[in-house]
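Reading through the structure tokens given below for one structure.
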Amino acid sequence: MTLTLPAFPPFSLSAVVTSHGWARLSPFAMSEDGRQLSRVERLHSGQVVELVIQEADHGVKVEVSDQLSDREMAEVADKVTWMLGLDQDLSAFYAAARQESKLAQVEARAQGRIIRSPMLFEDVVKTILTTNTSWTGTIRMVEALVSQFGDPLSFDRSRRAFPTPSQLAALDVQRLRLAGRLGYRAPYVLELALAVVSGDLDLETLKTSDEPTDQLRSRLLQINGVGVYSAANLLAMLGRYEYIPVDSWARKLVSHEWHSGEPVRSVEVESAFERWGKWKGLAYWFWDWSYLAQD
DNA sequence: GGTAGACCTGGACGC
DNA sequence: GCGTCCAGGTCTACC
């Protein structure tokens with residue numbers, strides 16, 4: 001089955017897919033040029049399908065591996081719209097970016113959308129698995145969770161969906177620690193899954209919350225394993241850009257851009273982008289660091 | 001409020 | 001091949 005979804009212009013699928021490394025984390029997969037994104041997705045009904053997404057006129061075309069009901073197709077449409085931020089209007093950001101040479105390319109390249117998972121739960125787990133480890137470590141941990149605990153595609157059991165909160169909550173810490181090699185992060189992931197399953201934590205409502213960003217940030221910081229970096233990362237995925245996800249890489253970039261390579265603290269990274277106000281995180285994210293990133 | 005140390009793993013390095 | 005060191009955010013205890 002095929003679905004066509006419109007996007008608020010300007011839009012570029014490859015710009016979203018390459019916005020950060022998420023598209024390389026299972027159960028996402030991307031073509032080398034970023035022009036095709038695929039994903040194994042478990043629907044509410046329990047059916048597991050493959051979604052293959054390509055750019056189309058004014059939006060995207062989604063090929064679904066199975067025959068679905070109207071209700072299931074509507075679910076797929078909602079999920080893809082959220083994943084790719086198809087309905088996001090970034091014209092105010094582009095207006096501000098036109099005044100800055102280091103952001104001059106963003107509008108023409110339709111940059112600004114940040115790829116995200118259909119469920120915030122998955123993004124919180126993945127963000128926890130990016131902390132205090134290398135990127136290859138993150139890939140390995142996510143792959144372990146998906147391959148061992150997610151539901152398989154009916155026609156290719158080697159490919160699986162991201163495990164649901166219930167599936168992870170059913171595990172014990174030791175299993176999670178050893179099977180996924182999550183190390184000390186295992187109790188954080190288990191506690192998160194248990195909180196979601198019990199209803200103590202309703203993550204998905206945060207996606208449409210109109211609470212002030214600081215309040216949203218406080219909620220995220222209450223999750224064990226989510227600190228200031230992770231909270232800023234997750235806020236950006238929620239379309240709130242008032243904080244910068246300051247990690248060692250961000251400090252390195254800002255250090256070389258404005259401090260002659262001298263070590264900088266988080267406060268210097270934040271203050272470097274203070275003038276961007278509500279677009280602070282996006283300005284950092286899409287700043288032209290290309291000449292530094294080659295170091 | 002700021003800081004030091006522990007947490008866990010994999011990679012780099014020296015032997 | 002083995003042992004040691006280091007990098008990567010968050011949490012906790014302490015000042």
Side chains of residues 197-208 of chain A: which donor-acceptor pairs under 3.5 Å do they make with residues two or more places apart or in other chains?
from     : atom 1 : to       : atom 2 : distance (Å)
A:Ser198 : OG     : A:Leu194 : O      : 3.1
A:Ser198 : OG     : A:Ala195 : O      : 3.1
A:Ser198 : OG     : A:Asp200 : N      : 3.3
A:Ser198 : OG     : A:Asp200 : OD2    : 3.2
A:Glu204 : OE1    : A:Leu120 : N      : 2.9
A:Glu204 : OE1    : A:Lys207 : NZ     : 3.1
A:Glu204 : OE2    : A:Leu120 : N      : 3.1
A:Glu204 : OE2    : A:Phe121 : N      : 3.1
A:Thr205 : OG1    : A:Asp202 : O      : 2.9
A:Lys207 : NZ     : A:Pro118 : O      : 2.6
A:Thr208 : OG1    : A:Thr205 : O      : 3.4

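Sorted by first then second residue, the ring-ring contact (aromatic ring centres under 6.0 Å, His included) pairs that include residues 20-62 of chain A, not counting sequence neighbours, are A:His20-A:Trp22, A:His20-A:Trp285. Sorted by first and then second residue, the pairs that involve residues 218-243 of chain A and meet salt bridge (charged side-chain N to carboxylate O under 4.0 Å, His left out), not counting sequence neighbours, are A:Glu211-A:Arg219. Identified under the salt bridge (charged side-chain N to carboxylate O under 4.0 Å, His left out) test for residues 166-178 of chain A, with sequence neighbours left out: none.
Between A:Leu178 atom CG and B:dC8 atom P there is a gap of 11 Å when expressed in whole angstrom units. What separates CD1 of A:Ile244 from C1' of C:dG9 is a distance of 17 Å, to the nearest Å. Atom CG of A:Leu129 and atom P of C:dG8 are 18 Å apart (whole Å). For the pair A:Asn132 CG and C:dA7 P, the computed distance is 12 Å after rounding to whole Å. In this structure, the CE atom of A:Met141 is 12 Å from the P atom of C:dG9, given to the nearest Å. The separation between A:Ile128 atom CD1 and B:dT9 atom P is 16 Å, rounded to whole Å.
Remark: A:Arg251 CZ is packed, more than 12 non-hydrogen atoms of other residues, nucleotides or ligands lying under 6.0 Å away. For CG of A:Asp33, the number of neighbouring non-hydrogen atoms (other residues, nucleotides, ligands) closer than 6.0 Å is greater than 12.
For the helix from B:dG1-C:dC15 to B:dC15-C:dG1, the rotation axes defined at the first and last 5 base pairs enclose an angle of 40°, given to the nearest 10°.
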Between the protein and nucleotides 1-3 of chain B, list every N/O to N/O distance that falls short of 3.5 Å.
none

Taking only nitrogen or oxygen atoms into account, show me every contact under 3.5 Å that the protein makes with nucleotides 1-5 of chain C, one pair per line with its distance.
none

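The ring pair (Phe, Tyr, Trp, His ring centres under 6.0 Å) check on A:Trp258 picks up A:Phe273, A:Trp287, with sequence neighbours excluded. A:Arg39 is linked by a salt bridge (Lys or Arg N to Asp or Glu O under 4.0 Å) to A:Glu41, A:Glu122, counting only residues two or more places apart in sequence or in another chain. The side chain to side chain contact (heavy atoms under 4.5 Å, CB included) search around A:Ser19 returns A:Ile114, A:Ile115, A:Phe286, not counting sequence neighbours. Scored by the side chain to side chain contact (heavy atoms under 4.5 Å, CB included) test, A:Asp89 finds A:Phe8, A:Ser91 as partners (sequence neighbours excluded).
The shortest distance between the side-chain N/O atoms of A:Arg185 and the OP1/OP2 oxygens of B:dC7 is not below 4.0 Å. Under 4.0 angstrom from either OP1 or OP2 of B:dG10 there lies at least one side-chain N or O belonging to A:Arg181.
A cation-pi contact, defined as under 6.0 Å to the ring centre and within 45° of the axis, links A:Arg217 to A:Tyr243.
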Each nucleotide in nucleotides 10-15 of chain C should get exactly one letter: B, S or -. Can you fill that in based on protein heavy atoms under 4.0 Å? SS----

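Comparing B:dC8, B:dT9, C:dG9 by their nearest atom to the side chain of A:Arg177 picks out B:dC8.
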Start with the C-alpha distance between A:Asp151 and A:Arg42, add both sets of side-chain angles, then the distance that settles salt bridge (Lys or Arg N to Asp or Glu O under 4.0 Å), and finish with yes or no. CA-CA 7 Å; A:Asp151 283 335; A:Arg42 184 187 195 277; 2.7 Å; yes

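In terms of heavy-atom proximity, A:Arg98 sits nearest to A:Glu107 at NE-OE1, 2.9 Å.
Using a cut-off of 4.0 Å between Lys/Arg side-chain N and Asp/Glu carboxylate O, A:Glu268 and A:Arg265 are scored as salt-bridged.
The residue A:Thr133 sits close to a base: some heavy atom pair falls under 4.0 Å.
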